[in-house]
Novice: 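Take a look at this one; I'll ask things after.
FYI, side chains are in, hydrogens and waters are out, and symmetry mates aren't considered; it's all heavy atoms of this structure. Computed from a predicted model, the values in this text were never measured in an experiment.
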Amino acid sequence: MRVLIADDETLVRIGIKSSIRWEAGGMEVVGEAADGEEALRLIAERRPDVVILDIKMPRKDGIQVLKEMKEQGIRAKVIILSGFDEFNMVKQAMKLGAVDYFHKPSMNEHEIEAVLHKLKEELETEQHLGQEMPAEGALPKETVLRQMLQGNTGNAGQTKLRESNLYVVLFSIKKWAQLAQRYAQGPANFLPNTIRNLLTESLSKEQEVEFVPLEDNLYAVLVSHSETRSVQAAFTRVNDIVYLISSNLMRFMNIETVFGISELFQSFTDCQKAAGQAKQALELKFYHPNDPIFYYHPVEDDQAFEQINAFITAMKQGLREERYDEFARNLTEWEQYIRNKECLSERDVKKIYEGLLFMMEDREEYLESAGKLDAIEDFEELSLFYHSLFNEKLESMISQKNKEYSPLVRNIVQHIEEHYKENISLKSLGEQFQVSANYISRLFNQEVGKGLFHFINEIRIEKAKEAAEGLPVQNLRGIGDGRLQQPGALCDRLPEICRHGAEGIPQGACLILLKKSQFY
């Protein structure tokens with residue numbers, strides 16, 4: 001398999017070339033490009049099977065390259081490389097036909113190699129089926145059905161389907177990882193072959209119904225209903241087929257299923273579009289794990305992806321700047337947002353969580369955690385899993401941050417950072433940590449190099465400064481560096497600041513500003 005790498009970062013290209021076992025996997029790198037124009041030229045010249053394409057490059061970005069490949073009829077499969085906070089561009093690339101994507105900061109050679117091997121198998125299957133035509137000139141039924149779902153409907157006449165009242169149904173098996181483990185002791189492929197044989201037999205006598213396995217734990221059923229023009233009759237028919245599949249798998253194999261159903265369509269040329277609709281519907285199982293059927297409803301919200309990018313950027317910033325309370329707040333808001341919008345697939349959400357975890361952990365810890373996700377299929381369970389990891393890692397990071405302090409001072413610093421909005425005194429700290437106030441004062445000054453109240457004041461001023469950013473207040477630029485310019489003018493504006501308190505200033509921040517202005 002021929003692979004071309006297009007990325008403007010030399011180290012990224014070197015890293016991909018050096019880490020993948022190209023020759024052993026039957027693959028070769030046939031070219032490298034450092035910008036979009038060079039990538040298009042090399043794609044046209046060297047005809048790669050797969051292009052690993054950076055989404056942001058000079059001259060032409062990955063989106064422009066994908067558009068021109070589509071216009072020129074270039075059928076190479078594209079894997080996108082992106083930054084962590086370029087999610088809206090990634091979604092646009094996937095709509096243009098990219099087959100997969102990786103966030104550059106957290107990608108690893110095992111994941112890339114696995115995707116390349118999968119693409120190689122798909123290409124070899126396509127070539128094999130294209131070369132071995134049966135004597136009667138007809139392609140195997142499963143090949144025809146897969147072609148239809150990919151937009152090639154030239155052989156649709158070889159199926160039982162008719163060009164009237166069509167649906168595409170995609171379905172998967174619930175708790176697939178546990179189920180595969182249950183059958184792991186049996187012959188290889190026993191589970192998928194049993195499912196295939198059972199459904200082939202169950203649907204063999206059904207008119208205008210075709211079944212085809214697509215990949216591990218993803219199956220497609222195409223249904224037409226040419227006997228009537230009634231939309232309601234066609235809808236009833238597709239639901240009857242869904243019930244037949246579900247009940248037979250439960251009855252004979254004790255397997256639960258979940259289905260995604262496309263809109264009704266009337267032409268074979270819409271099969272690919274309908275397959276996309278069914279897939280989008282099926283992905284809702286991530287947010288509603290107890291529901292058995294999902295019907296496609298169009299949802300296009302570019303603003304949602306922009307907001308998601310904003311949350312990702314804020315979470316990254318919180319981790320980089322060690323403002324872990326802000327990271328936690330943005331994480332909670334992001335999770336609530338995607339719960340409400342239901343606009344990200346399970347795969348997308350996992351990649352975002354993995355990227356955040358990667359920023360906290362070294363490579364070995366990240367890879368170890370990433371391998372525990374196969375059995376998690378719904379959002380709430382995934383959120384709990386990652387919150388546990390995040391809490392454990394953040395506690396360690398906070399501890400390391402203050403590791404030069406004694407345990408008592410480290411705990412006091414953490415307490416102040418978490419409760420800076422509250423009234424904190426030597427007496428309250430003495431009661432909290434069960435030591436004398438004088439001892440705390442002396443030890444804190446000795447280890448931190450400044451008085452306790454000076455330290456508390458700095459924390460509060462910094463938080464107030466952050467909270468006041470963007471507000472229409474003119475004389476704040478001295479806050480946070482130990483002085484105030486024109487404190488009297490600031491006091492005159494405090495009522496205006498306080499009116500914005502509900503819009504972002506933490507409770508107590510205005511009081512901090514007022515107190516600070518009175519100190520100078």
Novice: Could you walk me through whether V51 and I5 pass the side chain to side chain contact (heavy atoms under 4.5 Å, CB included) check?
Specialist: CA-CA 6 Å; V51 179; I5 304 170; over 6 Å; no
Novice: With a 3.5 Å distance limit and no angle check, can you tell me whether D54 reaches the backbone of A6 through a side-chain donor-acceptor pair?
Specialist: no
Novice: Would you please test Y337 and F311 for ring pair (Phe, Tyr, Trp, His ring centres under 6.0 Å) and show each step?
Specialist: CA-CA 10 Å; Y337 187 81; F311 280 126; 5.8 Å; yes
Novice: Checking the side chain of T332 only, and the main-chain atoms of A328 only, is there a donor and an acceptor separated by less than 3.5 Å?
Specialist: yes
Novice: Could you state the interatomic distance from OG (S262) to OH (Y295), rounded to the nearest 0.5 Å?
Specialist: 11.5 Å
Novice: Check the pair D49, K77 against side chain to side chain contact (heavy atoms under 4.5 Å, CB included), reporting the backbone distance first and the verdict last.
Specialist: CA-CA 6 Å; D49 300 303; K77 299 180 185 295; over 6 Å; no
Novice: With a 3.5 Å cut-off and no angle check, do the side chains of H419 and Q432 form a donor-acceptor pair?
Specialist: no
Novice: For E111 and E354, run side chain to side chain contact (heavy atoms under 4.5 Å, CB included): C-alpha distance rounded to whole Å, both residues' side-chain angles, the deciding distance at 0.1 Å, then the answer.
Specialist: CA-CA 13 Å; E111 293 177 341; E354 288 167 10; 4.2 Å; yes
Novice: Rounded at 0.5 Å granularity, tell me how far CG in L382 sits from CG in D378.
Specialist: 8.0 Å
Novice: Using modelled atom types and a 3.5 Å cut-off, is there a donor and acceptor pairing between side-chain atoms of E38 and backbone atoms of A34?
Specialist: yes
Novice: Of all residues at least two apart in sequence or in a different chain, which pass the ring-ring contact (aromatic ring centres under 6.0 Å, His included) check with F102?
Specialist: none
Novice: Show me the donor-acceptor pairs, under 3.5 Å and distance only, between side chains in residues 444-455 and residues at least two apart or in other chains.
Specialist:
residue: E447; atom: OE1; partner: S406; partner atom: N; Å: 2.8
residue: E447; atom: OE1; partner: S406; partner atom: OG; Å: 3.3
residue: E447; atom: OE2; partner: S406; partner atom: OG; Å: 3.0
residue: K450; atom: NZ; partner: E458; partner atom: OE1; Å: 3.0
residue: H454; atom: NE2; partner: E458; partner atom: OE2; Å: 3.2

Novice: Considering only residues two or more places apart or on different chains, which pairs with a residue in residues 425-446 satisfy salt bridge (Lys or Arg N to Asp or Glu O under 4.0 Å)?
Specialist: none
Novice: Hey, could you give me the OH/CG distance between Y296 and L282, rounded to the nearest 0.5 Å?
Specialist: 14.5 Å
Novice: Apply salt bridge (Lys or Arg N to Asp or Glu O under 4.0 Å) to K174 and list each qualifying residue two or more places apart in sequence or on a separate chain.
Specialist: none
Novice: Does I55 reach the side chain of Y101, with side-chain heavy atoms less than 4.5 Å apart?
Specialist: no
Novice: Side chains of Q317 and R323: closer than 4.5 Å at any heavy-atom pair?
Specialist: yes
Novice: Side chains of L331 and Y386, heavy atoms from C-beta outward: is any pair under 4.5 Å?
Specialist: no
Novice: Test of understanding: with side chain to side chain donor-acceptor pair (under 3.5 Å), list the residues that count as partners of Q336, not counting sequence neighbours.
Specialist: N340
Novice: Of the non-hydrogen atoms in D35 and P58, which two are nearest, and what is the gap between them?
Specialist: CB-O, 3.4 Å
Novice: Around atom CD of E381, are there more than 12 heavy atoms of other residues, nucleotides or ligands at under 6.0 Å?
Specialist: yes
Novice: Please report the closest heavy-atom contact between N88 and F305, naming both atoms and the distance.
Specialist: CB-CB, 3.9 Å
Novice: Would you say the side-chain atoms of Y420 and N457 include a donor-acceptor pair closer than 3.5 Å?
Specialist: no
Novice: Holding to side chain to side chain donor-acceptor pair (under 3.5 Å), I want the full list of residues that pass it with R21, two or more places apart in sequence or in another chain.
Specialist: E113
Novice: Between E37 and R41, is the closest basic N to carboxylate O distance under 4.0 Å?
Specialist: no
Novice: Strictly under 6.0 Å, is that where the ring centroids of F327 and W334 end up?
Specialist: no
Novice: Got a sec: does the NZ of K279 have more than 12 other heavy atoms crowding it under 6.0 Å?
Specialist: no
Novice: Side chains of F379 and V349: does their closest heavy-atom pair fall under 4.5 Å?
Specialist: yes
Novice: Side-chain contact test, heavy atoms from C-beta onward, threshold under 4.5 Å: evaluate it for L179 versus L191 and give yes or no.
Specialist: yes
Novice: May I ask you to test the S383-Y353 pair for a side-chain heavy-atom distance under 4.5 Å?
Specialist: yes
Novice: If you measure from CG on L319 to NZ on K393, what distance do you get to the nearest 0.5 Å?
Specialist: 11.5 Å
Novice: Would I412 and L429 satisfy side chain to side chain contact (heavy atoms under 4.5 Å, CB included), going step by step from the backbone distance to the final call?
Specialist: CA-CA 8 Å; I412 290 172; L429 290 174; 4.2 Å; yes
Novice: Check side chain to side chain donor-acceptor pair (under 3.5 Å) between N391 and all other residues, then give those that pass, not counting sequence neighbours.
Specialist: none
Novice: Could you list the donor-acceptor pairs under 3.5 angstrom formed by side chains in residues 61-69, with sequence neighbours left out?
Specialist:
residue: D61; atom: OD1; partner: I63; partner atom: N; Å: 3.1
residue: D61; atom: OD1; partner: Q64; partner atom: N; Å: 2.9
residue: Q64; atom: OE1; partner: D61; partner atom: N; Å: 2.9
residue: E68; atom: OE1; partner: K60; partner atom: NZ; Å: 3.3
residue: E68; atom: OE2; partner: K60; partner atom: NZ; Å: 2.6

Novice: Whether the side chain of Q272 engages the backbone of L149 through a donor-acceptor N/O pair (distance < 3.5 Å, no angle test) should be reported.
Specialist: no
Novice: Work out which heavy atom in A275 is nearest to a heavy atom in V168; give both atom names and the distance.
Specialist: CA-CG1, 3.9 Å
Novice: Filter on side chain to side chain donor-acceptor pair (under 3.5 Å), then keep only pairs touching residues 3-15, sequence neighbours left out; what's left?
Specialist: D7-K104, E9-K104, R13-E32
Novice: Quiz question: by atom type and distance under 3.5 Å, do the side chains of N438 and S441 form a donor-acceptor pair?
Specialist: no
Novice: Going by the rule side chain to side chain donor-acceptor pair (under 3.5 Å), which residues pair with E263 if we only count those two or more places apart in sequence or in a different chain?
Specialist: Q277
Novice: Measuring from M27:CE to W22:CH2, what's the distance to the nearest 0.5 Å?
Specialist: 5.5 Å
Novice: Would you check if L170 and I261 make a side-chain contact, meaning some heavy-atom pair closer than 4.5 Å?
Specialist: no
Novice: So, S18 side chain and G15 main chain: donor-acceptor pair closer than 3.5 Å or not?
Specialist: no
Novice: Taking R329 first and then E333, would you say they form a salt bridge - that is, a charged N and a carboxylate O separated by under 4.0 Å?
Specialist: yes
Novice: Any side-chain heavy-atom pair from V78 and L96 closer than 4.5 angstrom?
Specialist: no
Novice: Quick one: which residue pairs count as a side chain to side chain donor-acceptor pair (under 3.5 Å) with a foot in residues 283-294, not counting sequence neighbours?
Specialist: H288-E342
Novice: Considering all heavy atoms of both residues, which atom of I43 and which atom of L4 are nearest to each other, and what is their separation?
Specialist: N-CD1, 4.1 Å
Novice: Quick one: salt bridge (Lys or Arg N to Asp or Glu O under 4.0 Å) partners of E392, sequence neighbours excluded?
Specialist: none
Novice: Specify the closest pair of heavy atoms between A76 and P48, including all atoms of both residues, with the distance to one decimal.
Specialist: CB-O, 3.3 Å
Novice: Could you pull out the closest heavy-atom pair between K351 and H103, with the gap in Å?
Specialist: O-ND1, 3.8 Å
Novice: What's the separation between atom OH in Y324 and atom CD in E418, rounded to the nearest 0.5 Å?
Specialist: 12.5 Å
